[in-house]
Amino acid sequence: MTAAQGLQKTNPELVEFTTILGACETLEPRNDLAPFSDIRVREALQMALNLPEIANSFIKAPRSHIPSH
C-alpha cells in the first residue's frame, strides 16, 4: 500500500485529483540566506525526498517521467 492509498483509506473525505505535471506548489527557499546558502544543506534536503514515491503516489507520472536525485 502506498502512502497515498493509506491516506485515502484512513481519510475518505480526501479527494484525489489529477494535475498537470509542473502545476504543483513548490518550495523555493532563499538560497542567499542561511542555512540554504550552504549547498550541502540543499543537497541533503533533496536526498531526503523520496522522489519516485512522490511521482508514483501523488503525481502518478509515467515511469519515464519519474524524477531522480
Side-chain angles (χ1 to χ4, degrees):
M1 176 181 301
T2 66
Q5 291 168 331
L7 280 173
Q8 287 175 330
K9 187 173 185 175
T10 59
N11 300 279
E13 72 278 6
L14 293 178
V15 177
E16 180 181 357
F17 63 95
T18 302
T19 183
I20 299 171
L21 190 60
C24 299
E25 295 294 324
T26 61
L27 174 64
E28 298 177 14
R30 296 260 321 254
N31 293 342
D32 59 329
L33 298 175
F36 303 111
S37 58
D38 185 339
I39 185 67
R40 296 170 297 176
V41 171
R42 297 193 307 270
E43 288 174 342
L45 287 170
Q46 183 68 20
M47 289 188 296
L49 297 173
N50 186 343
L51 297 176
E53 177 66 19
I54 292 169
N56 287 327
S57 299
F58 179 68
I59 301 171
K60 298 192 179 195
R63 290 269 183 219
S64 63
H65 294 98
I66 293 177
S68 61
H69 292 291

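The first residue of the sequence shown is numbered 1, and numbering continues consecutively from there.
- Residues Asp32 and Ser37 come closest through the heavy atom pair C-CB, 4.2 Å.
- Gln8 is not listed as a side-chain neighbour of Leu14, based on a closest heavy-atom distance of 4.5 Å or more.
- Summarising the geometry, atom CG belonging to Asn31 is positioned 7.5 Å from atom CD1 belonging to Ile39; distances are rounded to the nearest 0.5 Å.
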